[in-house]
Student: 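Got a structure here, written out as structure tokens. Questions coming.
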Amino acid sequence: MTVTTETDVLIVGGGPAGALLGTLLARRGVRVLVAERQTSFEREFRGETLAAPSAVSLRRLGFGPALDKHGFLETESVTMRMEGRKVLHVDYRRFPIGALPIDIPQPSLIGIFHAAAAGLPSFSYASGAAFTDLVVEDGTVRGALLKQPDGSTTEVRSRLVVGADGRFSKVRRSAGLEARITPMARDFLSFKLPRPADWGNQAELIADGDKHVMVLPTFPDFLRIGHNLPKRGLGELRRTGFDSFRAGIAALDPRLEPLLHEYLRSWDDTSFLEIFTAELDQWARDGLILIGDASHTCTPILGQGVNVAIQDAVSLAPVIAHALAEPLGGGHGVVREAQLADFVQQRRQHKGFVTKFQRMQESALALNSPLQKVLRRNKYRVLDRLPIKYRLFDRVINAPHEIDTIDLQLSSLSATPVTAK
Ligand SMILES: Cc1cc2nc3c(=O)[nH]c(=O)nc-3n(C[C@H](O)[C@H](O)[C@H](O)COP(=O)(O)OP(=O)(O)OC[C@H]3O[C@@H](n4cnc5c(N)ncnc54)[C@H](O)[C@@H]3O)c2cc1C
């Protein structure tokens, strides 16, 4: 594999944010290189639910046929139960957006983006290439160093580096952009079980005190289960034994008991996720921008991380194309921080709102005293009956998205997902 050593835009990270941005830029004729350290589209860390605004955006961008060909699952509603009582129900079909959240495996989604870009002359993809450091001259980012699978290092010079390398972004660290990390009170263990045929397409959150499970119907025929555990509590959980872990989940949702016994055999069937948010005062420098989880890490709550990553890519693509066409003076064509300022301001507002809501939700779910539980149930019941319930959730789940900025002069897309070699 030959890696380009000079390009207009170098994107570090081929997750949802980087893969989509690479495709959108290549479709505009921008020379773009996506560098991804992994050699397949499998990801250790992945969200699979796409909120409705992303589903709408992707269709507007021409990805509809590829999504339809692959298949996905539409989630119709979410119900919250606390201490055995139903406290809140949100029917996604009642939102004015007129689309439902969809569930599709992240490798397939990235594959769809990749397939759409693969044949475009201005697109390059460096599989297995890991970012190691930025190339900085006179305070301006001029490119990056990539470690290739054979151990060699390539210097890629570019007019803009996009850090789309996720929640532990190395690009962010190399750029000296400080992130405020706020750990959530608890961490998460997740796993999948086969979904019984009569289960339905509703998401459910079942809480008892400070323990909860999130049960999400997942494409094609799974249930994705998320179970909270105390911060850094995995060791203790393991010491209490696997049977007691399964029993704890079955106590929250007895319907899961037979599935747990048949299909969840050991800790190896589970994935641990440390939950935190990361926020930055500065997302850009001359020659550099961060997007997706690298710029603002979301938590799994309300399934918004992939959504905001996709919206970042959709709204940034035209900004980059414009900035490259009209570089500010004296920069040797490097995209300047000032040219990205409006994008940063708009996206920071949206992501800040999502994070605030996620924190509120997490704080509520961590309550455990008898009085707190009663108050919490009452609060959710009141919310359930509020006339503005759908307006409020619409603002959080279907927060303003950027489809108006999408360039609709689109070439048709390949509908076939591919697997990276
Ligand atoms: C348990 C859990 C469940 C979740 N479920 C959902 C959900 O259902 N819906 C939802 O919307 N969100 C969900 N999220 C959040 C969501 O997964 C993330 O917000 C989203 O993946 C962010 O996309 P991204 O492209 O910014 O980063 P990532 O998806 O993290 O992608 C970053 C990419 O960069 C690559 N990379 C990293 N370092 C380097 C390097 N040095 N060089 C080159 N490449 C590198 C990685 O391999 C990866 O491909 C969930 C999160 C958790 C913890």
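Keep in mind that this is a model prediction, so the values were computed, not measured. Each ligand, and each atom within it, is numbered from 1 in the order the structure gives.
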Student: Check each heavy atom of Arg37 against ligand 1 and say whether those closer than 4.0 Å belong to the side chain, the backbone, both or neither.
Tutor: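 Answer for Arg37: both.
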Student: Between Arg59 and Asp68, does at least one N-O distance fall below 4.0 Å, as a salt bridge requires?
Tutor: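 Looking at Arg59 and Asp68, the cut-off is met.
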Student: Centroid-to-centroid, Phe168 to Phe276, below 6.0 Å?
Tutor: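 Ring-ring flag for Phe168/Phe276: true, centres closer than 6.0 Å.
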Student: Would you check the N or O atoms of Glu36, main chain and side chain alike, for any that come under 3.5 Å of an N or O of ligand 1?
Tutor: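 There is such a contact, yes.
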Student: Does an N or O anywhere in Lys170 fall below 3.5 Å from an N or O of ligand 1?
Tutor: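 So ligand 1 has no N or O lying under 3.5 Å from an N or O of Lys170.
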Student: Would you mind telling me if ligand 1 is within reach of the side chain of Glu274, the backbone, both or neither, using heavy atoms under 4.0 Å?
Tutor: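 The answer is neither.
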Student: Which atoms of ligand 1 have any heavy atom of Asn307 under 4.0 Å away?
Tutor: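 Those of ligand 1 that fall under 4.0 Å from Asn307 are 11 (O).
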Student: Where the closest heavy atom to atom 19 (O) of ligand 1 is concerned, which of Val34, Asp293, Leu50, Asp165 has it?
Tutor: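 Heavy atom nearest to atom 19 (O) of ligand 1 belongs to Asp293.
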Student: From the options Asp133, Val306, Asp103, Val12, select the one whose nearest heavy atom is closest to atom 20 (C) of ligand 1.
Tutor: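 Closest candidate by heavy-atom distance is Val306.
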Student: Any idea which of Pro16, Ser295, Gly166 brings a heavy atom closest to atom 29 (O) of ligand 1?
Tutor: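 Nearest option to atom 29 (O) of ligand 1, by heavy atoms: Pro16.
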Student: Using every non-hydrogen atom in the two residues, find where Ala35 and Leu146 come nearest and quote the distance to one decimal.
Tutor: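 So the two residues come closest at CB-CD1, 3.7 Å.
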Student: In plain terms, say whether Arg246 and Asp243 are close enough for a salt bridge, that is, a side-chain N and a carboxylate O under 4.0 Å apart.
Tutor: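 Judged by the 4.0 Å cut-off on N to carboxylate O distance, Arg246 and Asp243 do form a salt bridge.
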Student: By salt bridge (Lys or Arg N to Asp or Glu O under 4.0 Å), which residues pair with Glu362, not counting sequence neighbours?
Tutor: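 Salt bridge (Lys or Arg N to Asp or Glu O under 4.0 Å) check on Glu362 returns Arg186.
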Student: Does Phe131 reach ligand 1 with a nitrogen or oxygen that is under 3.5 Å from one of the ligand's nitrogen or oxygen atoms?
Tutor: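 Indeed, backbone or side chain, Phe131 has an N or O that close.
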Student: Sort out for me which residue in Arg159, Arg157, Arg31 forms a salt bridge (charged side-chain N to carboxylate O under 4.0 Å, His left out) with Glu6.
Tutor: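 Exactly one pass, corresponding to Arg31.
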Student: Which ligand 1 atoms, with their elements, are less than 4.0 angstrom from a heavy-atom of Ala35?
Tutor: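 With Ala35 as reference, the close atoms of ligand 1 come out as 43 (C), 44 (N).
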Student: With under 30° as parallel and over 60° as perpendicular, where do the rings of Trp283 and Phe343 fit, or are they tilted in between?
Tutor: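 Plane angle over 60°, so perpendicular.
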Student: Could you tell me, atom by atom, which parts of ligand 1 come under 4.0 Å of a heavy atom of Ala309?
Tutor: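 Counting from 1, the qualifying ligand atoms are 23 (O).
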Student: Under the salt bridge (charged side-chain N to carboxylate O under 4.0 Å, His left out) definition, can you give me all pairs with a residue in residues 190-201, not counting sequence neighbours?
Tutor: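 Counting only pairs at least two positions apart or across chains, the salt bridge (charged side-chain N to carboxylate O under 4.0 Å, His left out) contacts touching residues 190-201 are Glu48-Lys192.
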Student: In ligand 1, which numbered atoms sit nearer than 4.0 Å to a non-hydrogen atom of Glu48?
Tutor: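 So the atoms of ligand 1 that pass are 7 (C), 8 (O).
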Student: Considering only heavy atoms of Gln304, which atoms of ligand 1 have at least one such atom less than 4.0 Å away?
Tutor: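 Per the distance check, 10 (C), 11 (O).
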Student: So, Phe113 versus Phe63, ring centres under 6.0 angstrom or not?
Tutor: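 Yes.
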Student: Any heavy atom of Ser190 sitting closer than 4.0 Å to ligand 1?
Tutor: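 Outside the 4.0 Å threshold, so no.
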Student: Describe, in one word, how the ring planes of Phe242 and Phe245 are oriented to each other, choosing from parallel (under 30°), tilted (30 to 60°) and perpendicular (over 60°).
Tutor: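 Phe242 vs Phe245 ring planes: tilted.
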Student: Could you tell me whether ligand 1 has any atom less than 4.0 Å away from a heavy atom of Ala129?
Tutor: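 Yes.
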Student: Counting C-beta onward and ignoring hydrogens, is there a side-chain heavy-atom pair between Cys298 and Val308 closer than 4.5 Å?
Tutor: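 In short, these two side chains touch, coming nearer than 4.5 Å.
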Student: Which ligand 1 atoms, with their elements, are less than 4.0 angstrom from a heavy-atom of Arg224?
Tutor: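 Here the atoms of ligand 1 in question are 5 (N), 8 (O).
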Student: Please list, in number order, the atoms of ligand 1 under 4.0 Å from a heavy atom of Gly15.
Tutor: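 Checking each atom against Gly15, I get 25 (O), 31 (O), 33 (C), 49 (O).
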Student: Tell me whether Ala164 reaches ligand 1 (any heavy atom closer than 4.0 angstrom to a ligand atom).
Tutor: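 Per 4.0 Å heavy-atom rule, Ala164 contacts ligand 1.
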Student: Please classify the Gln106 to ligand 1 contact at 4.0 Å (heavy-atom distances, strictly less than): side chain, backbone, both or neither.
Tutor: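 For Gln106, the contact with ligand 1 is made by the side chain alone.
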Student: Out of all atoms in ligand 1, which are within 4.0 Å of some heavy atom of Ala17? Include the element for each.
Tutor: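 Heavy-atom distances to Ala17 below 4.0 Å select 25 (O), 26 (O).
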Student: Strictly below 4.0 Å, N to O, side chains only: are Lys351 and Asp312 in salt-bridge contact?
Tutor: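 Looking at Asp312 together with Lys351, the answer is yes, because their closest N to O distance falls below 4.0 Å.
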